Amino acid sequence: MNPVMNSALNSGMAPVATPFFFYMLAGLAVIGGVLVITRRNAVHSALALIVTLLAVAGLYLMLYAPFVAGVQIIVYAGGIMVLFLFVIMLVNIERSSKERRFNRMWPVGLAAACALLALFVSAFAKGKALFPDRMMTLPESSNTQQIATMLYGEAGRMGQYTFAFEIASLLLLVAILGAVIMTKKKI
Amino acid sequence: MPNFIMSYLGSTVTPGEAGNQFWALIYVLIIFAGVSVAVICMNWIERKALAHFQVRLGPMRVGPHGLLQPIADALKLMLKEDIIPSEADQFVFWVAPLIGLLAAFTVYTVIPFGPSQAVSDMNIGILFMLGVSSLGVLGIVVAGWASNSHYPLIGALRSSAQMVSYEVAMGLAVVSAILMTSLNASGTGTLSMIGIVQAQQQQGVWFIFKFFPLGLIAFVIFAIAMVAETNRAPFDMAEAESELTAGYHTEYSGLRWSLFMLAEYAAMIAVSSIAVTLWLGGWMRPFPNLLNAPAWDFIFSLFPGLTFLGLAAIAFVGTARMPADSFFKIQRIGLAVFAALLGFIALLLLAIAVAGRFADASVGARFRDGIDYIYWFVLKVAVFMYLFIWYRATWPRYRFDQLMKIGWKVMLPISLGVLVVTAIVGVIVS
Amino acid sequence: MVPITTLHYLVVAAALFVLGVIGVLTRRNVVIVLMSIELILNAVNLNLVAFSRMWGNLHGQLFAIFIVVDAAAEAAVGLGILIAFFRNRETINVDEIDLLKW
């Protein structure tokens, strides 16, 4: 165990039984992911995806990123997934339960994905030395404030990401307008 | 190990922050039991209050004044046949009530009943609360879909549309309150639930009265949105019995149905707690800065005992007013015992208050303070719970299109405007 | 037990990414294809946050937040297209979305 981890464990703030929770959350995330792509029923897939999202939020908490975890829960699990379920119910067609689940090209897709997996594995195996074996302990209690400072800047100065943030709001506006225009029969 | 257990008692932070798992577990169990009891009480009060609003008596048979009715109901629901429709999606049907229940109860980990009377103090507390309470809608949607029946599906669609819409206005109202926490010397606000109440303490004002009327408007927006969030009358289109029989839980029965009810009432208490924390000063007693002499502290610390004394007096009056018929003998005895129990709790609380007055800053004083904090918090939440009943008895149900119109075209612009004006005023003031 | 390092998180993220790619390439139902895209985005987010912790700065977390914003916009527009398409063709299968003009 490296010194940084040690000091984190000694400070009393460190989460307990870290490996156990990591493997539990990682297992939940991966199992959820498998269920998402194999279930015939879209609602089951959506539920599995919710499990994955919550597990990933838990992983964020373990990575000292509480704000991202909160955003993940509130936007993904509470917002986007409700939208998904809503649309599934609107377009729920009976025959989809009797049809083929996968398209005709599925062997090609699977082969491509396996190639990608092999690429990942070889990259991780070869580059293991490149990833420093360390984990910084980020100050968890001021995480939100630091993110806010980077987003909005402080004391009248623009933050590093202020412009990107404004662009993101524009993106959301365009998305809202696009969704409304496409789905409404008569504007 | 006793040392491990005892060492927390003198601490001034939450067990989660102190890293004390034993006390965190104890707090979780206390809160779980407390919320369940509160839901049972709420059930009885709602039935009685609604009955009296409509000049009826309400439950009178099981126990004196129907006091044991909720227990009888719970027994009945547990013993009833648990029907799963044959065409339903078995697994999803089974898991849907649990999603709602988990979402409703997980929220309580961050609710601050006092400066150290919470399971944990997350620095994303309010974000966590809003996020997890918004997971409750998943349970409802999925329940409606899994029932494979028309009315539940329509109810679920209505409810998901309604909750997603009102979450926006609710979130913006919350943001304007969070903005107010940053009006201090350092200029940094907080998302922590305990931090929000402490900010109100430092600024010497509940946020409902801050920048009058801005805080009040934001509070009203939240108070309306939270009724819609919990699918309560007058926004209970999702389960409108005159239109959709019972909405998303039409096909549910027995224990599963009662889980839905438990989740709904737990969610009501949770959102009321958010409102109390953000705008009504959380655990603080009235005028903590104006009337801050030790004598005032003592007077206010008598309130919990006096409240129970008042309840005991009401119960005694009820006992005295019972018809002097041998038929009511057992009920009279029961009510008298209940009144005596309330009186005993009152005396205990008064004794703690008096003893805490003369104790030094020790475990005893901390215990006394804890009772004070929890009392004021619960009292404020109880007011909201009564308001929920009052709304239900008073207002007719909205039409669905009117509801969406109010949500998007009235509440959202107002809450956005309040947010902007609050920000401007905050900049000018600081 | 081996302490959890960045590599552990990267492996989880890689697994989620590959699962998402499989979903996108093989499923027919558009809704599930969109969900697989969410899986991919989550894998990327997990990578970014893990690196953020490895280097001890918050840029990775900020990128993750921007990606969440993107995901919300993508889901809204994607599902909007899906509903518009379903209204015209009564199907939500990707391999039946093959007309250049309607």
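Here the structure is a predicted model, which is why all the values come from computation and not from measurement. Throughout, a chain's letter reflects where its sequence line sits, starting with A, and its residues are numbered from 1.
For B:A161, the parts sitting under 4.5 Å from any heavy atom of chain A are the backbone and the side chain alike. Both the backbone and the side chain of B:L130 come within less than 4.5 Å of a heavy atom of chain A. Heavy atoms of A:L83 lying under 4.5 Å from chain B are absent altogether.
Distance CD1/B:I178 to OG1/A:T144: 10.0 Å, rounded to 0.5 Å. Taking CG of A:N41 as the reference point, atom CH2 of B:W145 lies at 4.0 Å (rounded to 0.5 Å). A:I74 contributes atom CD1, which lies 7.5 Å from atom OG of B:S133 (distance to the nearest 0.5 angstrom).
Between chain A and the residues B:V142, B:V137, B:L157, B:V132, the most heavy-atom pairs under 4.5 angstrom are made by B:L157. Looking only at heavy-atom pairs under 4.5 Å with chain A, the residue among B:V164, B:L135, B:T190 that has the most is B:L135.
Side-chain atoms of B:N123 and A:P66, non-hydrogen and from C-beta on, do get closer than 4.5 Å to each other. Annotation: side chain of A:V43 is not in contact with side chain of B:D89 (no heavy-atom distance under 4.5 Å). In this structure the side chain of A:M89 reaches within 4.5 angstrom of the side chain of B:V141, judged on heavy atoms.
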- Task: Apply the test side chain to side chain contact (heavy atoms under 4.5 Å, CB included) to residues B:I99 and A:L47: give CA-CA distance (whole Å), side-chain angles for both, the deciding distance (0.1 Å), then the verdict.
- Result: CA-CA 10 Å; B:I99 297 176; A:L47 285 180; 4.2 Å; yes
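Closest heavy-atom contact between A:G78 and B:S134: CA-OG, 3.5 Å.
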